[in-house]
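Input: a single structure, listed below in structure tokens.
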2 protein chains.
Amino acid sequence: MQSQGALDSLFSPKSIAVIGASNRQGSVGRAAFSNILLNEYTGTVYPVNPKEHSISGVRAYPSVLDLPETIDLAVVIVPAPVVPSVVEESGKKGAKGLVIISAGFKEVGIDGAQLERQVLSIAQKYSMRIIGPNCLGIINTDPDVRLNASFASGMPVEGSIAFASQSGALGEAVLDYASGENIGFSKFISMGNKADVNENDILEYLREDTKTKVILLYIEDIVDGRKFVDTVSRVTQEKPIIAVKAGVSPEGAKAASSHTGALAGSDEAYNAILKQSGVIRVESIIDLFDYARAFAKQPLPKGNRVAIITNGGGPGIMATDASVRYGLQIAQFSDATKNKLRSGLPKEASVNNPIDLVGDAQADRYELALEALNDENVDCGLALLTPQAMVDLKKVAETIASIGPKSGKTILASLLGLGDVTPAVGVLESNGVPNYSFPESAVRALAAMSEYKQWIDRPRTEVKHFDVDLVRAQKIIAHAKQAGLTNLSQTDAMGVLNAYGLPAIKTEFAKTRRQAVDLAKKIGLPVAMKIVSPDVVHKTDIGAVKLDLNSEQDVAGAFDEILKNVKVNAPNARIDGVLLQNYVTGGTETIIGIHRDPKFGPLLMFGLGGIYVEAYRDVSFRLAPIRELSAHNMIQQIRGGKILQGFRGQPPRDLEAIAECIERLSQLAMELEDVQELDVNPLLAFEKGCKAVDARVIVSSPLQNHTSSTPGNRP
Amino acid sequence: MQSQGALDSLFSPKSIAVIGASNRQGSVGRAAFSNILLNEYTGTVYPVNPKEHSISGVRAYPSVLDLPETIDLAVVIVPAPVVPSVVEESGKKGAKGLVIISAGFKEVGIDGAQLERQVLSIAQKYSMRIIGPNCLGIINTDPDVRLNASFASGMPVEGSIAFASQSGALGEAVLDYASGENIGFSKFISMGNKADVNENDILEYLREDTKTKVILLYIEDIVDGRKFVDTVSRVTQEKPIIAVKAGVSPEGAKAASSHTGALAGSDEAYNAILKQSGVIRVESIIDLFDYARAFAKQPLPKGNRVAIITNGGGPGIMATDASVRYGLQIAQFSDATKNKLRSGLPKEASVNNPIDLVGDAQADRYELALEALNDENVDCGLALLTPQAMVDLKKVAETIASIGPKSGKTILASLLGLGDVTPAVGVLESNGVPNYSFPESAVRALAAMSEYKQWIDRPRTEVKHFDVDLVRAQKIIAHAKQAGLTNLSQTDAMGVLNAYGLPAIKTEFAKTRRQAVDLAKKIGLPVAMKIVSPDVVHKTDIGAVKLDLNSEQDVAGAFDEILKNVKVNAPNARIDGVLLQNYVTGGTETIIGIHRDPKFGPLLMFGLGGIYVEAYRDVSFRLAPIRELSAHNMIQQIRGGKILQGFRGQPPRDLEAIAECIERLSQLAMELEDVQELDVNPLLAFEKGCKAVDARVIVSSPLQNHTSSTPGNRP
């Protein structure tokens, strides 16, 4: 792989030029050069500076071209306008990688962006890959390399966590925090402007990096949405990705023509996409590391059943509360386990879960209690210990660290507090049992691990393909576009659904009473009738809707009455005609829809319908194309999902049928690229089957080429 | 106040006996005595131990009675069976307070509980107040007292935070954590079994304690629910209470006969009660202290508009995300402020909010940016600083600490990271500007302060009193009870609502066709009719409901048809008759109800009705009696509240009318103590007014005395 090799020259170069290395105190050029020189880099580093004879005691060269050998990597710290020429020279000198720390590019405006493109094109000429510009740099703690090509202060210890950050400032803070907590890194990457190497390249690289077990991401935007989804989906099969996606839009949803569009705010899309790809999304840096420590040091739990061991009631209760809150199950011990515990523990102890060893518990009681991890009903363990004057904390920690992992199950610890417990915490951490100051953080980490395991183990299903009438759907849309429409008529919208095998109820448009009666017979009685007018919004309120019409006379009478009511109540309304539909009652209102996201492509939505859909925003999203199981997950995932599953004495709804509708919609989204937004609202779900009662289809405007269409372009 | 004085003798005694003081290494008796002796206690402490001549070098006495003077406080560490006698002796020796550390009481079972009652009755004979038994002890850092009457390890530094904990183990951990973070306490109280002094007494004491500015609570249960509500409501007017309520029931709601009962799980009740009383409920100990540090050191913000100052883009974005998430508003600066900032900051800086000073910002830029706090559109500030090699962190911290507070507005800081920033953090903390390792925690603390301020400043309204027909309601209930019913018939339930002026739609019960027609005329057409049968659940499905009956013939026909349908479709169903009601259409379904909580008394509930009420659990609770504004808040507080406020083109619903229904229900709950549970479901809300369509009233069973009735007793 060409790109992989190129990233190797970035992270594991044999020789480096630091262009813009400096002796000036407090300068970036000095920090970057010293960081390479003073952190036991295993290759050769050359300072390049035309004005100095030596930098930090090392012979300096006026230009890269003057170096005594070719270089693998150039670290660039010169002012932006000079960057193109030094990049050109680096290329000539054989460099395959560039870490451009210099700022003054895309982030400062149009001229900077132009300069950035220029630099990129020079680099591409020489097949050089670029990290940055406008970044903090990169770090590789691999003992074979030991490269700190950054101006961060300090070198992190070696570990198995990789961190890639779009924000240099945050990267610096994170390195500082990690050094305070003694957290080890495999790689650190500040991505800067992402002129060339972006999160997708980095993730691919880290997937193959044997030193990395857990990948942490801080991102504000994504360069290539579709590729990102492909990449993370592949990476998360092998290594967990824990991500902070910052820059949540404060406005939430944008103005949009459909329900689906209104609900698919950018953050919802990100949430759906990250979830769908197995990424663990967190909201704070502390969570990022709380989770990472657990993933890096402990095996994944097989399930979500936790055993809690404590020497104090309060912390046990708090751990239980948190377990329930974050989706862990309090394990039910077997009788054998309970008997074993009971035989060795004092009478005041509790042998149920949480196992309460009572305040004066020493290491021997912990040793016995840790036996519970071997119970087949237990997937993971949490050992709690509150400092007590009489308890040998360090010895308890040693016991947890030595006995716990023997079970092969996940074990985390919470030695509560900060001061007294520090030496004991050291024992745990250095033996691979992550510790948390309070139980809640440990529980959340366990819950994240258990969720990730579930994701890894999920059954894989395929994307189904349905025989549909693609040509008919295309014709309807083409016809509407020729007529200059972007919002399909109701009959056309239902026609498109029909062509895709979605269970659209029969819908006809009539202009005259005669037509209405004929079409009603064609549809089959009973029918419902409503006015079609661009000017009437609340149709029911003015008597412009008639339901349950059972005979020709009823239909004829309803036609007259509707027209009369509209004339009386909305005298200026334009009247196009009436819509006739099969009259359907009962069923549960759901909504399914498509929203074409400019970055990620077609998003599918599912939710409960009616006025609740927007009030509760209780909807689920997935990128199309969707696999069979994923369609079912969309249905189960919403908070109100139980309403469909036989709730309060109601019969369960036909989830298979809904899932198939979502899958057909997925195929529609992939094949009809003109469809920008689509709502089926309501899709009525019954005990058997479902019915699409109403649909709204927004197509790209006649002037739009569908590949460039974005929601912003819509009228 | 008698009780207040007695607590004074607990917290500020002049002389203390430590009964059970010991020289044995690692014993509680040794730890407790040394903690008093070695932490500069300003009074006189006597060890009592019949077997030793001296304890820790201090002359010991065989019994309290042998002491050379009377004592104010006895700290008791002797084995449980000996406790009654030493308590008796302490009383004789003049003690007014007891801290009973000894375990072996209520927590070990019936015998222990008996012993505990015995101890309490001896104490009461001598007007002694008891903390404990089975507790860690108490601490008072007041320099006039300096009392550490606990066996905790170490003495916390002086501060203005009081912490009362129901869990001793957690108390110990918290003291340890606080010492690691250098957090100061005014008082620390381990409440233990709460045989006498409980959270209510402690809160009253802390309210008057001039050394305490913020009260932290860890509670698992509450001794006296009604009194707790009264007490906290009073205390939170003066001082913030931040509480962890642990022991959330994993099962959630219990089985109950009504929707309201099913939704009013104990945790929901606690949530409602804490919120209603102005208590800030948090879920973790870290939050407890993150919030407490801000409340203790900074003034409350006038509103929720925050100014964010940063030297890095990423942290600024994360702070903005968190602000939006937790309900702060990103302040809009005035033009004057923007001009001032623009004139002094470099071009790359952003003068909008967040103010981005760019990575190389030194103290001078922070000084200028802090001017934004003086903008009248700003209520509070958050200063972010990421470590940068070239930046003098300590000087920036000094600037934030000296300039920030001058504005008189709330200011918190986040010097990101842990290691490098420690000295700068010290500068901030020692100058009263709380610091947080990452912006999110600071934002949450600001949001909690702003919410508390809003609560303090809320307009006060009264509990309205309505003229109702109490006698009629009582008669209906008495009549039902005499008939052995606990579940009122629909007509009786509607009768009770009617008596309380709730807008019950006209409802009549008919046994014959003739009666049905007569009653339909009495009610007024159109009417709806449905079967009354204990055996028919899904009435609509078998054709046992008829709507919109517009004439006598319609009514008579519907009667026959319903009976026929039931006979055909449910041949074994018992038929009582039919129910006739005004036929009402439109409106938004809501639900209001009463649930009599065994601990807190009548809880009122409001939510959106239909199948959604239980699926989303989107309901609000308040204790009755309810004030006018509180009834409105109940309506606005639910997530789906906007459905009522003119959503998606629908007219807004009559919130005044709904609020009045809630207030009338509140009066009903207070006056009719026999009513255990009550649902009005649906209460249809219209543009003008609302209508109670269906009601369920559960009264205490004939054998129950209403004062002792609990949900558990119900059939």
Side-chain angles (χ1 to χ4, degrees), chain A residues 26 31 108 151 153 165-170 172-173 176-177 179-181 218 220 246-248 250 283-286 311-315 317-318 320-321 324 330 348 359 386-390 416-421 437-438 440 537-538 611-612 614-616 618 639-640 642-643 647-649, chain B residues 26 31 108 151 153 165-170 172-173 176-177 179-181 218 220 246-248 250 283-286 311-315 317-318 320-321 324 330 348 359 386-390 416-421 437-438 440 537-538 611-612 614-616 618 639-640 642-643 647-649:
Chain A
V108 298
F151 64 100
S153 43
S165 175
Q166 190 170 343
S167 160
L170 204 81
E172 179 85 59
D176 185 48
Y177 173 78
S179 96
E181 295 271 312
Y218 169 87
E220 290 167 6
V248 176
E283 285 171 358
S284 76
I285 300 294
I286 291 177
N311 69 338
I317 294 174
M318 291 199 75
T320 306
D321 284 356
V324 173
I330 307 299
E348 322 85 83
T386 54
Q388 304 270 353
M390 310 66 121
L416 284 82
L418 269 187
D420 258 14
V421 297
S437 290
F438 288 99
E440 207 207 34
V537 181
H538 298 296
I611 52 171
Y612 298 91
E614 287 194 32
Y616 288 114
D618 180 22
R639 294 195 302 277
K642 58 179 158 181
I643 286 179
F647 185 60
R648 294 286 291 178
Chain B
V108 298
F151 64 100
S153 44
S165 175
Q166 189 170 343
S167 159
L170 203 80
E172 180 87 56
D176 184 47
Y177 173 78
S179 95
E181 295 271 313
Y218 168 87
E220 291 167 6
V248 175
E283 285 170 358
S284 77
I285 300 295
I286 290 178
N311 69 338
I317 294 175
M318 291 199 75
T320 305
D321 284 356
V324 172
I330 307 298
E348 321 87 82
T386 53
Q388 305 270 353
M390 310 65 121
L416 284 83
L418 269 187
D420 258 14
V421 298
S437 289
F438 287 99
E440 208 207 34
V537 180
H538 299 295
I611 52 172
Y612 298 90
E614 286 193 32
Y616 288 114
D618 181 23
R639 294 194 302 277
K642 59 177 157 182
I643 286 178
F647 185 59
R648 295 284 292 178

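Sequence lines set the chain letters: A, B, ... in the order given, protein chains first and strands last, and positions in each chain run from 1. Keep in mind that the numbers below use all heavy atoms, side chains included, and drop hydrogens, waters and symmetry copies.
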Under 4.5 Å to a heavy atom of chain B? For A:E283 that would be both
Contact origin within A:F151 toward chain B - heavy atom pairs under 4.5 Å: both
For [X] and [Y], which heavy atoms make the closest approach, and how far apart are they?
{"X": "B:D618", "Y": "B:R639", "value": "OD1-N, 2.8 Å"}
{"X": "B:Y218", "Y": "B:A246", "value": "OH-CB, 3.4 Å"}
{"X": "B:M318", "Y": "A:S284", "value": "CE-CA, 4.1 Å"}

Which one wins on heavy-atom pair count under 4.5 Å against chain A: [options]?
{"options": "B:I330, B:N311, B:V421", "answer": "B:V421"}
{"options": "B:I286, B:T386, B:V108", "answer": "B:T386"}
{"options": "B:G168, B:S437, B:G26", "answer": "B:G26"}

Which one of A:S165, A:P315, A:A31 has the most heavy-atom pairs closer than 4.5 Å to chain B? A:P315
Region of B:Q166 that comes under 4.5 Å of a non-hydrogen atom in chain A: neither
For the residue pair B:S153 and B:E172, confirm or rule out a side-chain donor-acceptor distance under 3.5 Å. yes
Is there a donor-acceptor pair closer than 3.5 Å between any side-chain N or O of B:D321 and the backbone N or O of A:G247? yes
Evaluation steps, side-chain contact (heavy atoms from CB on, under 4.5 Å), between B:L170 and B:Y177: CA-CA 10 Å; B:L170 203 80; B:Y177 173 78; over 6 Å; no
